[in-house]
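To start, the structure under review is shown below, and the notes come after it.
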Amino acid sequence: MRYDRIDARILEIVQKNNRLTSEVIGEMAGLSATACQRRLKRLRSEGIIEADVSIVSARAVGRPIQMLVLVSLERERSDIIDRFKKAIKSSAEVVNGFYVTGDADFVLYITARTMEDYEQFTRRFFYENPDIKGFKTMVIMDRVKAGFAVPIELPVE
């Protein structure tokens, strides 16, 4: 996956606001709208741009309880890891899931309507899964920053 300085500028722009038109992005990057559209299409097809999303307030849509959950598996075997990854992907409550190194095997970002709903989720998702050794829940007090923007490194030319 390669990109040049103009692609890097486009990536910086769309990470801040992906609702801008190709005309506006092109103008900001020094391109025509058509050239900008071609570059955006290539950046998406090559997987440099993974998705175009909106960040929704969990609180505003009735899911004010937010947690980070550290999950440890009984054993680190590829079939167990793959099974748990599949469970994460199929769970609406799990907003983000990360396979990590360190004290836990996975870190999950989970939302719930109430603590009672979260308790029901833990029974279903963790306690009924024999592959789970344990989990630790940290309730989020305040979301200080939310986003997916990553620093864009300028390519060496």
Side-chain angles (χ1 to χ4, degrees), residues 1-5 7-21 25 28 39-156:
M1 290 189 243
R2 295 185 48 126
Y3 62 93
D4 62 18
R5 288 184 177 276
D7 292 334
R9 178 68 181 130
I10 290 170
L11 293 170
E12 288 173 342
I13 294 165
V14 298
Q15 283 193 111
K16 290 180 182 137
N17 184 352
N18 71 351
R19 296 189 61 186
L20 297 173
T21 64
I25 297 168
M28 293 170 76
R39 284 177 178 262
L40 282 166
K41 183 177 180 181
R42 181 182 53 77
L43 291 167
R44 288 182 178 107
S45 70
E46 291 180 3
I48 294 172
I49 295 176
E50 292 182 21
D52 294 292
V53 300
S54 296
I55 299 172
V56 175
S57 164
R59 183 174 307 283
V61 296
R63 301 188 68 80
I65 310 295
Q66 300 169 70
M67 287 95 21
L68 291 175
V69 182
L70 307 176
V71 181
S72 298
L73 301 176
E74 279 293 345
R75 293 169 291 297
E76 278 207 58
R77 266 190 2 225
S78 60
D79 61 323
I80 293 172
I81 292 166
D82 291 344
R83 219 174 14 251
F84 192 65
K85 285 180 180 180
K86 188 175 179 181
I88 290 169
K89 290 176 184 177
S90 66
S91 172
E93 292 89 352
V94 179
V95 178
N96 284 298
F98 304 93
Y99 179 40
V100 298
T101 61
D103 294 337
D105 297 310
F106 287 86
V107 176
L108 308 179
Y109 167 57
I110 297 173
T111 66
R113 289 183 303 129
T114 64
M115 284 307 287
E116 291 80 17
D117 284 349
Y118 179 62
E119 180 186 3
Q120 290 304 311
F121 171 79
T122 62
R123 290 173 184 266
R124 223 178 36 254
F125 199 77
F126 299 123
Y127 292 131
E128 293 178 6
N129 185 337
D131 295 329
I132 304 292
K133 179 176 174 180
F135 66 98
K136 182 183 284 187
T137 302
M138 296 178 286
V139 177
I140 296 172
M141 304 287 285
D142 182 25
R143 182 174 79 179
V144 178
K145 181 178 180 181
F148 290 100
V150 296
I152 304 298
E153 300 293 325
L154 291 177
V156 180

* **F135 and L108: CA distance, side-chain angles, deciding distance, side-chain contact (heavy atoms from CB on, under 4.5 Å) verdict** => CA-CA 10 Å; F135 66 98; L108 308 179; over 6 Å; no

* Near R59 CZ, under 6.0 Å, is it more than 12 heavy atoms from other residues, nucleotides or ligands? -> no

* Given T111, which of Q66, R63, E93 fulfils the side-chain hydrogen bond (donor to acceptor under 3.5 Å, both in side chains) condition? -> R63

* Going by the ring-ring contact (aromatic ring centres under 6.0 Å, His included) test, which pairs reach into residues 42-74, not counting sequence neighbours? -> none

* Passes side-chain contact (heavy atoms from CB on, under 4.5 Å), D105 versus V100? Steps please. -> CA-CA 5 Å; D105 297 310; V100 298; 5.9 Å; no

* More than 12 heavy atoms of other groups within 6.0 Å of D103 CG -> no

* Asked: Between R39, K41, R2, which is the residue that forms a salt bridge (Lys or Arg N to Asp or Glu O under 4.0 Å) with D7?
  -> R39

* Inter-residue atom distance R123.CZ - N129.CG, 0.5 Å rounding -> 15.5 Å

* Find the distance between CZ (F148) and CD1 (I55) and round it off to the nearest 0.5 Å. => 6.0 Å

* Hey, are the side chains of Y118 and V139 touching, using non-hydrogen atoms and a 4.5 Å cut-off? -> no

* To do: Go through K89 and K86 one step at a time and tell me if the side-chain contact (heavy atoms from CB on, under 4.5 Å) criterion holds.
  => CA-CA 5 Å; K89 290 176 184 177; K86 188 175 179 181; 5.8 Å; no

* Spatial distance of atom CE (M67) from atom CE (M115) [nearest 0.5 Å] -> 6.5 Å

* Donor-acceptor pair, N17 side chain versus R19 backbone, under 3.5 Å? -> yes

* To do: To the nearest 0.5 Å, tell me how far D131 CG sits from R83 CZ.
  => 4.5 Å

* **Partner of V107 by side-chain contact (heavy atoms from CB on, under 4.5 Å), out of N96, L70, V71** => L70

* Asked: So how far is it from E12 CD to I25 CD1, rounded to the nearest 0.5 Å?
  -> 13.0 Å

* To do: Quick one: pull up CD1 in I140 and CD1 in I110 and give me the separation to the nearest 0.5 Å.
  => 10.0 Å

* Return the minimal non-hydrogen interatomic distance between A8 and P155, and the atom names on each side. => CB-CD, 4.4 Å

* Taking the side chain from T122 and the backbone from E119, do they hold a donor-acceptor pair closer than 3.5 Å? -> yes

* Asked: What are the two closest heavy atoms between V56 and R143, and how far apart are they?
  -> O-NH1, 4.1 Å

* Sorted by first residue and then second, give each ring-ring contact (aromatic ring centres under 6.0 Å, His included) pair with at least one member in residues 52-84; sequence neighbours left out. => F84-F106, F84-F125

* Asked: Where is the tightest heavy-atom contact between N18 and V53, given as atom of each residue plus distance?
  -> ND2-N, 3.4 Å

* Asked: Crowded around R113 CZ? As in, over 12 foreign heavy atoms under 6.0 Å?
  -> no

* Structure fact -> For Q15 and V150, the nearest pair of non-hydrogen atoms, with its separation, is OE1-N, 2.7 Å

* **Verdict with reasoning, I10 to Y3, per side-chain contact (heavy atoms from CB on, under 4.5 Å)** => CA-CA 10 Å; I10 290 170; Y3 62 93; over 6 Å; no

* Structure fact -> For E76 and I81, the nearest pair of non-hydrogen atoms, with its separation, is OE1-CD1, 3.9 Å

